[in-house]
Amino acid sequence: MTAANIRTDFDGGSLSRIQQIAENHFRLSVNGEKDQDGRNRQASWYYFAVDHPPQGELILDMVDLPGEYNYLPNRGAITGATPPVISYDNRTWSHITDAEYDTDEPRLRLRIQSGGRSFRIAHVPPYTDDNLQKLRKNIRTHSDFQEEIAGKTLGNRDLLLWTIHNGNTKGKKTIWLMFRQHSWEAGSSWVGEGALRFLLADSAEARQLRQKFIWKIFPLCDPDGVARGGVRFNTNGFDLNRNWDITDPVRMPEITMQRDAVKRWLDQGNTVDLYLSLHNTETAEYLDAPPDGGKQFRTLAEKLFHILARQTTFAPTRDSLYPPKANASEQRGRMTVANGLYTSFGIPAFLMEQKIGYNQKLGHFPNIPDRLKFGEELVRSLVQSLDE
């Protein structure tokens with residue numbers, strides 16, 4: 001086997017250097033990305049295929065893991081607590097739970113016994129544009145589904161905005177959902193698909209949810225990053241969840257157009273009664289809200305937090321709501337979507353993190369069926385939190 005057997009020539013594929021140590025041993029450098037200032041290197045994503053591997057053991061070392069987060073150095077997002085996933089059919093994925101993590105280098109070593117079968121490995125189960133288009137084809141003919149193009153990315157890809165409702169919109173509460181601000185966080189897209197399939201199901205409960213509420217959804221906020229196997233920055237290096245206090249349609253059109261879509265909706269006399277952006281992190285799980293949102297918004301956030309913690313597989317690593325600082329640093333351009341939308345429009349905007357690490361409630365590392373199921377649980381929790 002040679003390095004040519006290891007490839008990333010597909011949507012979401014990502015590696016940097018491939019170094020062959022022996023016939024069955026390779027060092028694979030994670031292709032981290034830096035921001036517009038050459039800082040905050042994130043090595044949070046890898047996705048590659050191995051074609052025609054040897055019959056015996058194959059050793060793959062994931063290296064170049066250290067980085068920087070919010071201007072503070074770290075050992076990297078890829079550790080023994082975040083084992084990769086493997087697939088032999090590019091549909092079903094399972095965790096490699098016996099990966100060996102060396103803290104000194106650091107390095108994550110994978111020992112694969114594939115029996116000669118080709119396979120793919122990724123940080124988490126991938127969700128690419130191909131997955132989105134399959135979902136889109138399945139739901140776009142539904143009578144309660146509407147689609148618009150909120151704008152174009154730097155790579156000239158569509159920023160989709162979906163609306164789900166039935167009947168007159170007057171006087172109805174609006175729940176706005178946002179998925180995949182950061183391209184590596186594929187778990188949020190699987191949750192989004194689960195939520196959409198549940199909302200558009202032919203059931204009495206789903207019909208009632210479409211009748212009672214208006215659902216606005218950004219299903220894939222960084223299609224450029226997803227396609228290139230990116231991490232959290234747009235093509236110009238701007239973090240798509242750290243610049244919501246800046247309007248710059250040239251360098252970061254994605255944020256500008258997403259915020260403008262919210263503004264248009266409000267300018268038309270509508271409300272946004274709850275806005276939630278779903279994310280993934282490595283080993284932390286929490287819900288946060290703007291620190292200055294006032295008693296009313298904090299009460300809503302606390303209510304949602306406790307419903308999620310009590311009735312779903314949400315496994316918070318903090319005891320209660322997490323209120324972040326208004327700015328992550330002294331530098332302008334560090335405001336998250338939750339802070340940005342509250343500051344600009346006064347709407348209750350929250351951000352939720354789901355970990356990719358071991359989930360105590362599930363009793364295993366989260367997989368695709370878990371994420372899809374949580375999408376259904378999330379919809380019910382959001383509705384319950386807004387009920388009188």
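- Counted by atom type alone, Asn90 and Ser87 present zero donor-acceptor pairs between their side chains at under 3.5 Å.
- Evaluation of the salt bridge (charged side-chain N to carboxylate O under 4.0 Å, His left out) rule for Glu193 yields Arg197 as partners, not counting sequence neighbours.
- Defined by atom type and a distance below 3.5 Å, a donor-acceptor pair is missing between the side-chain atoms of Thr128 and Asp11.
- Between Arg39 and Asp37 there is no salt bridge, since no side-chain nitrogen of the basic residue lies less than 4.0 Å from a carboxylate oxygen of the acidic one.
- Hydrophobic clustering of Ile, Leu, Val, Met, Phe, Trp and Tyr side chains at less than 4.5 Å, counting indirect connections, keeps Val383 apart from Ile307.
- Among Leu28, Ile78, Leu60, the one residue that satisfies the side chain to side chain contact (heavy atoms under 4.5 Å, CB included) test with Leu108 is Ile78.
- Partner of Val50 under the side chain to side chain contact (heavy atoms under 4.5 Å, CB included) criterion, out of Arg120, Met1, Arg117, Arg7: Met1 alone.
- Salt bridge status for Glu285 with Lys355: absent, with no side-chain N to carboxylate O gap under 4.0 Å.
- In this structure, Lys216 fails the cation-pi test against Trp162, since its NZ or CZ atom is not both closer than 6.0 Å to the six-membered ring centre and inside 45 degrees of the ring normal.
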Between Arg27 and Glu105, is the salt bridge (charged side-chain N to carboxylate O under 4.0 Å, His left out) condition met? List the steps. CA-CA 12 Å; Arg27 284 172 61 88; Glu105 186 174 355; 2.7 Å; yes
ring-ring contact (aromatic ring centres under 6.0 Å, His included) between Phe10 and Tyr47: does it pass, once the steps are laid out? CA-CA 9 Å; Phe10 44 82; Tyr47 179 24; 4.8 Å; yes
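- Side-chain contact check for Glu353 and His279: no donor-acceptor pair (N or O, by modelled atom type) lies under 3.5 Å.
- Judged purely by atom type and a 3.5 angstrom limit, Trp215 has no side-chain atom pairing as donor or acceptor with the backbone of Leu196.
- Between Arg318 and Asp288 there is no salt bridge, since none of the side-chain N atoms of the basic residue sits less than 4.0 Å from a carboxylate O of the acidic one.
- When only modelled atom types and interatomic distance are considered, His95 and Asn367 share no side-chain donor-acceptor pair under 3.5 Å.
- Taking the charged nitrogens against the carboxylate oxygens, Arg207 and Asp202 do have a contact shorter than 4.0 Å, which makes a salt bridge.
- Under a 3.5 Å cut-off, the side chain of His142 and the backbone N or O of Leu200 do form a donor-acceptor pair.
- Arg111 has a carboxylate O that lies under 4.0 Å from a charged side-chain N of Glu100, or vice versa, which qualifies the two as a salt bridge.
- By the ring-ring contact (aromatic ring centres under 6.0 Å, His included) test, Phe179 pairs with no residue at all, sequence neighbours left out.
- Although no hydrogens or angles enter the test, the distance criterion places no donor-acceptor pair under 3.5 Å between the side chain of Arg371 and the main chain of Pro366.
- Side-chain contact check for Arg242 versus Arg232: some heavy-atom pair is nearer than 4.5 Å.
- When only modelled atom types and interatomic distance are considered, His165 and Thr163 share no side-chain donor-acceptor pair under 3.5 Å.
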Derivation and outcome, salt bridge (charged side-chain N to carboxylate O under 4.0 Å, His left out), residues Arg41 and Asp64: CA-CA 11 Å; Arg41 179 183 188 266; Asp64 289 343; 5.4 Å; no
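- With 3.5 Å as the limit, one finds no donor-acceptor pair spanning the side chains of Ser188 and Arg180.
- For Glu377, the salt bridge (charged side-chain N to carboxylate O under 4.0 Å, His left out) test picks out no residue, with sequence neighbours left out.
- In this structure, a donor-acceptor pair under 3.5 Å is present between the side chains of Asp35 and Asn40.
- Between the side chains of Asn234 and Glu254, at least one donor-acceptor pair of N or O atoms lies under 3.5 Å.
- A heavy-atom distance below 4.5 Å is found between the side chains of Phe350 and Leu287.
- At least one donor-acceptor pair closer than 3.5 Å links the side chain of Asn270 to the backbone N or O of Trp265.
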Pair Arg380-Glu205, salt bridge (charged side-chain N to carboxylate O under 4.0 Å, His left out): steps then yes or no: CA-CA 10 Å; Arg380 289 196 177 105; Glu205 181 181 10; 2.7 Å; yes
Please step through salt bridge (charged side-chain N to carboxylate O under 4.0 Å, His left out) for the pair Asp130 and Lys134, ending with a clear verdict. CA-CA 6 Å; Asp130 182 59; Lys134 288 177 181 176; 3.4 Å; yes
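- Under the 3.5 Å distance criterion, the side-chain polar atoms of Lys361 are matched with a main-chain donor or acceptor of Ala309.
- Checking side-chain atoms of Arg210 against main-chain N and O of Leu199 turns up a donor-acceptor pair under 3.5 Å.
- Defined by atom type and a distance below 3.5 Å, a donor-acceptor pair is present between the side-chain atoms of Asp370 and His364.
- Between the side chains of Arg228 and Ser183, no donor-acceptor pair of N or O atoms lies under 3.5 Å.
- Linking Ile, Leu, Val, Met, Phe, Trp and Tyr whenever their side-chain heavy atoms come within less than 4.5 Å puts Ile149 and Leu177 in one cluster.
- Classification of Asp248 and Arg251 as a salt-bridged pair holds, one side-chain N sitting under 4.0 Å from a carboxylate O.
- Without hydrogens or angle criteria, Glu68 side chain to Pro73 main chain gives no donor-acceptor distance under 3.5 Å.
- Cluster membership for Leu220 and Leu276, using ILVMFWY side-chain heavy atoms within less than 4.5 angstrom, is shared.
- Formation of a donor-acceptor pair under 3.5 Å by the Thr312 side chain with backbone atoms of Phe314 is found in this model.
- Looking at Ser344, its side chain never comes within 3.5 Å of a backbone N or O of Leu341 through a donor-acceptor pair.
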